[in-house]
Number of protein chains: 2
Amino acid sequence: MATPQLTKNQTLVMDALSHSEGPMSAYTILDKLRDHGFRAPLQVYRALDKLLEYGLVHRLESLNAFVACSCPHDHEHDHGVTAFTICEGCGQVTEFHDEAIEQRLSALTRAQSFKTEKTTIEIRGHCQSCA
Amino acid sequence: MATPQLTKNQTLVMDALSHSEGPMSAYTILDKLRDHGFRAPLQVYRALDKLLEYGLVHRLESLNAFVACSCPHDHEHDHGVTAFTICEGCGQVTEFHDEAIEQRLSALTRAQSFKTEKTTIEIRGHCQSCA
DNA sequence: GCAATAATGTAATGTTATTACATCAATTGC
DNA sequence: GCAATTGATGTAATAACATTACATTATTGC
Ligand SMILES: [Zn+2]
Ligand SMILES: [Zn+2]
Ligand SMILES: [Zn+2]
Ligand SMILES: [Zn+2]
């Protein structure tokens with residue numbers, strides 16, 4: 001998925017997430033952007049849909065929240081399975097990718113002839129500082 | 001986590017999930033149990049909390065829904081990491097466990113000194129029939 | 001310019017989950 | 001037995017998350 005030029009709203013949401021310490025809910029993003037003219041949830045959700053599609057943002061299912069992708073690359077190519085550790089103490093989220101897990105999951109789904117479209121891996125717990 | 005005797009509400013919710021073809025949202029469960037005296041969401045959520053604690057039920061984060069554990073064992077011992085395939089077509093959910101994935105995730109989190117409390121693995125896609 | 005497409009604005013509504021407080025039942029200690 | 005504690009339940013209100021519907025504006029292709 002090549003990333004096209006972002007629109008005004010997409011840029012505002014992307015910047016909000018990029019400059020955030022951690023993940024933000026859609027409504028938190030909305031509040032942050034009220035000064036920039038945002039008035040309704042849909043403005044956020046529409047921008048997020050596109051940013052998710054472009055791979056610039058990830059959704060954390062277990063938090064109902066969103067986080068900027070931390071990958072250094074330019075997102076010209078789809079990065080594979082994305083996994084996260086999420087600290088319950090400080091809220092820190094760490095994104096990581098592992099080829100071994102990806103291949104193992106691929107083998108397991110292939111065995112049941114399941115066609116994977118999206119894989120969610122989220123590990124809740126406590127980081128080193130918060131242990 | 002040894003499973004104590006279930007209370008009346010816990011039994012009703014457990015039965016509803018056990019007899020369901022697939023996962024159900026809390027509000028769907030509520031509707032199913034209105035004839036049995038359920039009136040408010042909290043009655044469902046409280047029962048689900050206990051059933052989750054006992055390992056009899058799993059929460060599907062990407063669906064905001066709940067499903068009865070499909071493991072044959074008696075839940076006397078905690079089964080490790082649970083993963084699911086979820087078909088977008090027919091709604092079929094398949095629970096599986098894999099030692100290799102569990103060990104790999106364990107190694108990865110240990111490397112960042114992260115203390116895991118709960119791991120979510122959910123694979124969305126299409127099953128063989130719905131491909 | 002004009003049609004087609006994509007993005008935006010706004011309101012209303014739908015869905016999921018929690019807080020607060022009162023009541024009831026079972027268990028424990030004496 | 002009985003008070004005290006604990007766990008479970010009932011009910012209402014509210015909070016948090018997400019979508020539908022419809023109107024308007026901006027951009028693109030011709
Ligand atoms: Zn990423
Ligand atoms: Zn932490
Ligand atoms: Zn299970
Ligand atoms: Zn299917």
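Throughout, a chain's letter reflects where its sequence line sits, starting with A, and its residues are numbered from 1. Not measured: the values here are computed from a predicted model.
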Can you name the salt bridge (Lys or Arg N to Asp or Glu O under 4.0 Å) partners of [X], sequence neighbours left out?
X: K50(B); result: E53(B)
X: K115(A); result: none
X: R104(B); result: D98(A)

Please output the side-chain donor-acceptor pairs of residues 120-127 of chain A that fall under 3.5 Å, not counting sequence neighbours, one pair per line with the distance.
{"unit_1": "E122(A)", "atom_1": "OE1", "unit_2": "E61(A)", "atom_2": "N", "d": "3.4"}
{"unit_1": "E122(A)", "atom_1": "OE1", "unit_2": "S62(A)", "atom_2": "N", "d": "2.8"}
{"unit_1": "E122(A)", "atom_1": "OE1", "unit_2": "S62(A)", "atom_2": "OG", "d": "2.6"}
{"unit_1": "E122(A)", "atom_1": "OE2", "unit_2": "E61(A)", "atom_2": "N", "d": "2.6"}
{"unit_1": "R124(A)", "atom_1": "NE", "unit_2": "E88(A)", "atom_2": "OE2", "d": "3.1"}
{"unit_1": "R124(A)", "atom_1": "NH1", "unit_2": "S62(A)", "atom_2": "O", "d": "3.1"}
{"unit_1": "R124(A)", "atom_1": "NH1", "unit_2": "S62(A)", "atom_2": "OG", "d": "3.1"}
{"unit_1": "R124(A)", "atom_1": "NH2", "unit_2": "E88(A)", "atom_2": "OE1", "d": "3.1"}
{"unit_1": "H126(A)", "atom_1": "ND1", "unit_2": "E117(B)", "atom_2": "OE1", "d": "3.2"}
{"unit_1": "H126(A)", "atom_1": "ND1", "unit_2": "E117(B)", "atom_2": "OE2", "d": "2.8"}

Report task. Check DNA chain C against residues 9-39 of chain B and give the residues with a non-hydrogen atom under 4.0 Å, in numerical order. Result -> S25(B), Y27(B)

Query raised in the report: When you list every nucleotide of DNA chain D with an atom under 4.0 Å from a heavy atom of chain A, which one comes first 5' to 3', and which comes last?
Result: dC17(D) to dA21(D)

Query - Any pair counted as salt bridge (charged side-chain N to carboxylate O under 4.0 Å, His left out), so long as it reaches residues 2-11 of chain B, sequence neighbours left out - result: none

**Report entry** Pair D49(A) + R46(A), salt bridge at N-O below 4.0 Å
**Finding:** no

Report summary line: Taking five pairs at each terminus, the helix from dG1(C)-dC30(D) to dC30(C)-dG1(D) shows an axis bend, to 10°, of 40°

Contacts of type side chain to side chain contact (heavy atoms under 4.5 Å, CB included), residue [X], not counting sequence neighbours:
X: T11(A); result: L6(A), D15(A)
X: E99(B); result: E102(B), Q103(B)
X: A26(B); result: V44(B), Y45(B), L48(B), F66(B)

Query raised in the report: In residues 43-51 of chain B, what residues come within less than 4.0 Å of DNA chain D, judged by heavy atoms?
Result: Q43(B), R46(B), K50(B)

